[in-house]
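So you know, we letter chains A, B, ... as the sequences are listed, proteins then strands, and number each from 1. What you see is a predicted model, and the numbers here were worked out from it, not measured in a lab.
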Amino acid sequence: MLNRKKFDFTLAALLLILIFCGCIAIFTASTSKLGEYSTTMNYWWKQLLFSAFLIGLLILLLKLPLPIFEALVIPLYIFNLAALILVLFTPPINNSHRWFVFYGINWQPSESAKLLTILMASRILAKEHLSELKQLIFGFGIVLMPVILIIIEPDFGTTLVFFASLLAMYIAADLPLFYVLLIISPVISIVTSVYWLVLIIWIVLLIYLLMRARLSWVAITVAVIFNVFISLIMPVVWNSMKEYQQNRILIFIDPMRDPLGAGYQIIQAKIAVGSGAITGKGWLQGTQKNMNFLPEHHTDFIYSVIGEEFGFFGSMLILLLFFLFFWRLSTAIGEIKVRERKIAATGIFAWLVLQAFINIGMNIGLVPATGIPLPFISYGGSSLLINGLAVGVVLKYLNERGFMK
Amino acid sequence: MIELTPVKLFRILLGILFVTLFVAIFRLQVVQGKYYQQIAESNFVRLRRLTATRGEIYDHKYRPIVTNIPSHNLYLTSGKIKNLPALAALLNRYFEIPESDLRSMVEQNRFRTYEEILVSDNIPYEMVLAISEGLNYFPELNFRIGSTRHYHYPNHFTGYVGRINESEYQNYRNEGYSLNSHIGKTGLERYYEVLLSGKDGREIVQVDAQGRSLNLFRLEKMIPPVNGLNMVLTIDNDLQNYAAEIFPKDRRGAVIVMDARSGGILAYVSNPEYDPNLFMQRISTDDWTALNNDPAKPMLDRVIYAAYQPGSVFKPVTGSLGFHKGIIDRNTRFSSCVGGLQVGNRFFRCWHAAGHGSMAFVDAIKHSCNVYFYDLSMRLDLDDFKGWTLKNRLAVQTGIDLPNERRGFFPSVDWYRKTYGRNVSITGHKVNLSIGQGEVMVTPLQICAFYTAIANHGNWIQPHLLKSTFGRGRLSKDQIDPIKRFKLPFSSSTMQLIHEGMFAVSNSPGGTATLVQVQGARVFSKTGSAENPMGKLTHAWYSGFIVTDQPEIVVTVFMENAGGGGSVSAPVANQIFNFFMGNYDVIKAPVTIPPQFRQPEDAADPDPSAPEGGEMTTPPIPGASSDA
């Protein structure tokens, strides 16, 4: 099972270190200290249990023969789609339909959907006999189905991560970059339509890039006209939206508009992190956490607890750990030669990187608040298991290097 | 150009993302570290809750019954406690709060350590002064001015408010309650909690130690509190206080006065009374024990929460069933009353030992002769009797706007069989039930509502206390929760006979309540003296109404184990009727809304609720039976 030469001990080690740090962070995040009083909620040992369970699962995964693993992907993907539909009919928790709850265990189908969708999509994209266009469309379709179901939940953050993953997978599939450009151009056009100067710069840049990609003039003209059109009708679309819909988007962009709601959380996170200064307030001493200014400090906002109690040193340590981990992961992508697995590993890479970036960014007030946890560190059984399993899949692919496809 | 492999591309992107994070974190923690430390330490940015004003309660003439008054409240922020034993000593000394209570308060709030916990409210001013001197040593304590409820007279219908407890908080936290909120616990305060409580607002407090505004938010957003609705009741304070005053203090019982045309309750008395204000300050253990252990049970609401045998006030139900079934008409006579009637091997007594002789229905009502009804009962089927009782809205909840109303009880054949065995003889039980004794139990309110329907020629209206609201909106009770109306199941000719009988009770010699005499109105009465397992003397019932050119009010007086209805309860009712007629002009005067309560939409018509005077218009009720 474990090929000494092939198994990537570094990656596995970094993963375990991150999980370990997570358990420690969760311990302090769920502890409230009051004078000589101190009480801890039971999240941290649940996380320990999940971690142990994860390690067990990883060992099983590595032992599982590869053909069986590959055969399971399609049925699991379909099962997950069904779960995504069903979850919409469960009673809402915190105003969203995301979780199944049984006997104290919460399972989020959108979490497992990430891994399964990547595996499915990579299979499609790897099929070399499909034309590039077909690959594009099918890949898109595979991703779109779960995404639509997730958006309804609602969960914008995860949607974003999905699409970024897909994009990364297109790149890994050696789809010409201009396809990527064409796909994301409307989004950029929408965003830049606010300032006409930036818009003009963007259109010019677009033309230049498409020319470099040696697209036919016809194609370039079509693309440009399409983008200009999109940017021009934005004001019309905006005005036709109802006020509450406009508000939703505005708050998403600028949480300060809702200072008593979402904006309040961001401000509190910033204060927590900022007040940690260089050395932090000390283990278990986080005042913002203790005084309960920060909600969700064992889940989405755990990075701010680290920042508050361990200061710049602590937040940099975690940042460095993640950086090393992702760098190693990118090396892994290079080392996997089988096309389908390479694409899958890329998708996983993009997903984890983006999740980490969005979550940390949210904790420091750089990025709007979305319900995305910090991989391996935030408390959460589903996300820990799925993220861990994803890394496990990469480890497995690495392990099988060199054998015939 | 160097080849841009995907891996290289990803590494570049990875680098860009992480450098961005690094720079942002550096800025936040290293460059701005001191600034944020300052803010964090002084807790300058906080959500502050703006408490909504609770709605007040007035009588139908806008005279106060429950109002808000300012109170001095002491709050504790558990996160700031420095010396717990010293704090415990202080709280124990002034408020009798033991240290264990303090510890559990802190424990309960250990995940909300910055929220202020209410230690005690409505603190007498001298105590405030005494404590204030030592506040320097206790930064975790601070005083705030809040408001508390003031109940203008002892009563059983307003109920009282209290601080929200942990389980209520878990149930209602999504409605915006905080740990320190008041919530209605009993009575109207609880039933109309949603109307009265309003919704707290929020604002962000963001100033530094010098009071300068910190510019953390570009927009100062505040959600203003939404105050609770004030309520106008159907109660008339003059009548209410008079009834409470004249009710014999040593008797346990109830008085209800209902407006015959609207179903609104003008007076609601349960004796002995208690003062809800006792619950507004931290009630001492002695007081609480005294209240609970008093055998007279002052906390018991005898109007809706206690059910009793109705005795003879139940007879119209028996009689009307007889008419409905065609068993009797106005001239039917049964066995002669010789002080009782022999049924099988038992002699069932009439209250008049000498006997009434033989009589027809109207006289049977006038003299309240038991024998007539014993005889009738043997021709009735028990389950029919039960169904009929329920149709008359007795042994059924009235649905008054108060919580915890009791239903009462009427037995069925099945019930007897289950309780006494398969071979139980139903006849004897029927005989008892016919005169409102035995297992039948009703509440005084149900009786009053029944007689109001009789006064109204058969239109049963749901008794209610709320008339309308004002403040944020003027709504009538009907608009909030429609008043139910039913038609009593007997015909107008039966109704006519009952009226005749009840008129004779007070206006014909030999009637059981001839001492009820009212200037300027015709009196219709029914008395009752119910034997019961609670004591030797009978329960004393009176229920009747007065009519000028239209029905005015219905009065029901009930006393536990007090003797004869005609001798004990009727005089009280008599006084109430006379008080009403004596002050008729004052009580029935159209209501002018005091200027401070007027709202812009009041320009033309003062009140949208049911009319006080004038024609009563009730819509035709479906399901009316009509046979002779």
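Separation of atoms CZ (B:Phe22) and CG (A:Leu320) is listed at 10.5 Å; rounding is to 0.5 Å. Atom-to-atom distance recorded for A:Ile358:CD1 and B:Leu17:CG is 9.5 Å, nearest 0.5 angstrom. The distance from atom CE of A:Met316 to atom CD1 of B:Ile25, rounded to the nearest 0.5 Å, is 4.0 Å. One distance of note links OG of A:Ser275 with CD of B:Gln29; it measures 8.5 Å at 0.5 Å rounding.
When A:Ile364, A:Leu354, A:Ile278, A:Asn363 are compared by the number of non-hydrogen pairs under 4.5 Å with chain B, A:Ile364 comes out ahead. The choice from A:Gly311, A:Ala356, A:Gly276 that makes the most heavy-atom pairs within less than 4.5 Å of chain B is A:Gly311. Counting heavy-atom pairs under 4.5 Å between each of A:Ser330, A:Gly307, A:Ala172, A:Gly361 and chain B puts A:Ser330 at the top. When A:Leu319, A:Val353, A:Ile360 are compared by the number of non-hydrogen pairs under 4.5 Å with chain B, A:Leu319 comes out ahead.
The one candidate from B:Leu21, B:Leu14, B:Leu13 that meets the side-chain contact (heavy atoms from CB on, under 4.5 Å) condition with A:Phe357 is B:Leu21. Checked against B:Val7 for a side-chain contact (heavy atoms from CB on, under 4.5 Å), the options A:Thr331, A:Ile333, A:Thr346 give a single hit: A:Ile333.
Using a 4.5 Å cut-off between heavy atoms, A:Ala168 contacts chain B through both its backbone and its side chain.
The aromatic rings of B:Phe10 and A:Phe349 sit tilted relative to each other, their planes meeting at an angle between 30° and 60°.
Crowding of B:Tyr137 atom OH: a count of heavy atoms from other residues, nucleotides or ligands under 6.0 Å not exceeding 12.
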